[in-house]
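Notes follow once the structure below has been shown.
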Amino acid sequence: MESISGAYDPKNIEGVLYKKWEVSGYFNPDNLSENEGENYIAYMPLPNVTGTLHMGHALNNTLQDILIRFYRMRGKKTLWFPGTDHAGIATQFVVEKQLKKEGTSRFALGREKFIEKVWEWKNQYGNIIYDQLKKLGVSCDWSRVRFTMDDTYAKDVQNAFIHYHEKGFLYRGYRTVNWCPRCATSLSELELEYKEEESKLYFIKYGPFTLATTRPETKFGDTGLAVNPRDARYKEYVGKELEIESLSIEGSLDEPSKKKNIIIVVADDAVDVEFGTGIVKVTPAHDLVDFEIGSRHNLPLVEVINERGEMNSRAGKYAGMKTGDARRKIVEDLKTTGLLEKEEAYTHNVAVCYRCGHVIEPIPSRQWFLKMEALADTALDAVKNGKVKIHPENFEKPYTVWLEHIKDWTVSRQIWWGHQLPVYFCKNKQEASSNSQFPISNGEQEEKYVVSMKKPEKCPFCETCEMEQSPDVLDTWFSSALWPFAGLSESDRKKYYPGTTLITARDILNLWVARMIYSGIEFQNEIPFKDVLIHGTILTKDGKRMSKSLGTGIDPLKYIEAYGADATRFGIVWQANGQDIRWDETAITAGKKFLNKLWNASRFVQTQTEKDDSRSLKIPEAKTDADRNILAALAKITKDTETNLRMFEFSKSIRDLYEFFWHDFCDTYLEISKKQLSELSTKENTEHILLFTLRETLKLFHPFVPFITEEIYGRFSFDQKKEFLMVERA
RNA sequence: GGGCGAUUAGCUCAGUUGGUUAGAGCGUCACAUUGACAUUGUGAAGGCCAGAGGUUCGAGUCCUCUAUCGCCCACCA
């Protein structure tokens, strides 16, 4: 057994120890034969395969690992299974960028080849983050790693789709959806980001009215005008049909002979009396709000923008132009014809694709929608009746607000990388979906399809065609919603579902957490986890978001390299009080100093007790006031740590421990012990107390700083010592 | 427009149900030092607890308003 000497050097210790832990098999609950308590199961917020470790991961996984290690040492069967998310759009985007560098594109390759490329990419880079997590010291069960596109996982995803279909929750709809022209796919509202844009508010003459719009180019798709029902100014027009000359477009292929469009004036509460002139043009095909107004008043859908973000033939001479260019040209033309009354500078938010940043064009498109009402109620009930607790409680509000106002979920995506829909179309009666780049040809077209795990041998409709699988794939979140059970094998599900805790950042509370909750109940009849802990976001010291693209990100591996994983974890936890963290590097300095203290104090105890350092299991008795104080303090900190961690008070927990160890143990007891050790009457008992207290302290600290505590533990010959401190009973 | 959170020492933050001289880490200053540890020890300086008003015997803590910052949600075209 190596004695404790020299300075603590994490470099030579952490990697070796991690290997030993891994080989021991104790990360796997099946091997925790002495643990007979209930299960403690945690879920990893799946990193994207494209991801590399950032401070957010480091925080999340450190907190999770603390709880896993804490409960493992308290006799629970602990399981934390890792995985990565195929991250449809994100990954496809990354690989497309790579192809571009190579001078090719996914369209040049074709679907099959492209998907092969993505798998290649995944196999080459997809495991990087696992190695990085290991450096952090996380004790998750690597024998259970899953990828959301593994065969078994894919089967669960398809089953889920089929289940919803059979239940009548899935439907095809021709609707205006958020569309990214660059990615050529629909997006759900949660996949949008908003960017402030300086633009203009154009006041244009419009029949008998003047109205304000930011998007004059959509006017060829106008099928209505809307006013607020309480607006006296326009009362007489409500319900009237108007012929609007300003819409006439020379050379429009759509209606070459007719130069007037029929516009119906409707009254709708969505219209703000105060804004603009109080009257708004309604373009149901190219605006989500207008679509809703349109559907409330049965206004027709007239498409004027295609899936590449260009004006179509209905825009006459503007056809083929990008919407932005068309807007400039139209404004010019409106000016010359005197139809532009005025323009005002106007700042508003435009929706952009969360992946590629391209401006979103709402366009009508045939998509699959999941009815959310019943599922949302399920998720709401789980939290309202306290079966799932969200910590801190304030986050219940955004959760419930979202679910109470939920819209049906567009689950289909027109990309290639993902779970292809288990849907097969009859070729003879359906052509629309055969090419994902142009999925829409006619919204009214009748479709014949079968929802099935396997391709039907014979088409049930025409009986002759070779049925064709839908080219669409599912929203990535459709599959990650199943993680708590789909991430486990069939037999594991019986043992390890449901779980206990989910720790995550707030940005995926609805995107992921809410969806896991109803999915768990829907498919496994039980909530997936009892507690959801939302931790803060790590910001820069100036309070800015850490972002790779802005260059404000900090690589946690840099700290692990320089100070070791324990000091890094210490620094993170020190600051993890629940609020957002303005990252302060000096917390790691504190960690480093502390580890040194721990190392040296342990060395002191070892040198004082080297003749027999195995007397530590039984509780020592107190012979002096100092003895009494340290044993009382130890009892208190043991209890406090328990309470703090059960309440997710990570920062308080480590600060209390630090205080205890540095001041109560080192500054006070260790100093007094020097005298007590020199007196025969107290010598032996003091040695016992030193050993006992140190051992208990190592147990308490282990979840936070696992490497150094394991290393020190290994260098003592404690009474009834376990193979690893990691599996000691605390 | 709505919701949530923040505002305490030079910096980053604690401060539980209102109760004696408001705490920590880092930094600063002084002194110490070969015996676990200089990644140390002892001590010190440093705060009208964002502002205003209110409740109370008593407010960093509770209430109201204001200001600044951040995040989330939202259909002002």
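Excluded from the calculations below are hydrogen atoms, water molecules and symmetry mates; all remaining heavy atoms, backbone and side chain alike, are included. Proteins get letters first, then strands, A, B, ... in listed order; numbering begins at 1 in each.
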Would you say the ring centers of A/F220 and A/Y318 fall short of 6.0 Å from each other?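 Between A/F220 and A/Y318, the centre distance is under 6.0 Å.
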
Verify whether the ring centers belonging to A/F594 and A/F701 lie closer than 6.0 Å.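 Aromatic pair counts; centres sit under 6.0 Å.
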
Atom [atom1], compared across [N] and [M]: separation rounded to whole Å:
N     : M     : atom1 : answer
B/G47 : B/A9  : P     : 10 Å
B/A32 : B/C71 : C1'   : 49 Å
B/U55 : B/U12 : P     : 36 Å

May I ask you to verify whether the side chain of A/K597 and the base of B/C37 hold a donor-acceptor pair under 3.5 Å?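 Yes.
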
Check if the side chain of A/E649 and the base of B/A14 share a donor-acceptor pair of N or O atoms closer than 3.5 Å.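 By the distance-only test, no, there is no pair.
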
Check every strand shown and say whether [X] touches a base, only sugar-phosphate, or nothing at a heavy-atom separation below 4.0 Å.
X      : answer
A/A590 : sugar-phosphate
A/D507 : nothing
A/E292 : nothing
A/R215 : nothing
A/K541 : sugar-phosphate
A/T213 : sugar-phosphate
A/D667 : sugar-phosphate
A/Y658 : sugar-phosphate
A/V271 : base

Which is more 5' along RNA chain B, the nucleotide nearest A/W583 or the one nearest A/L670? Just name the residue.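 With A/W583 and A/L670 compared, the 5'-side residue is A/W583.
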
Starting at the 5' end of RNA chain B, which residue's closest nucleotide do you reach first, A/N394 or A/N577?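 The answer here is A/N394.
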
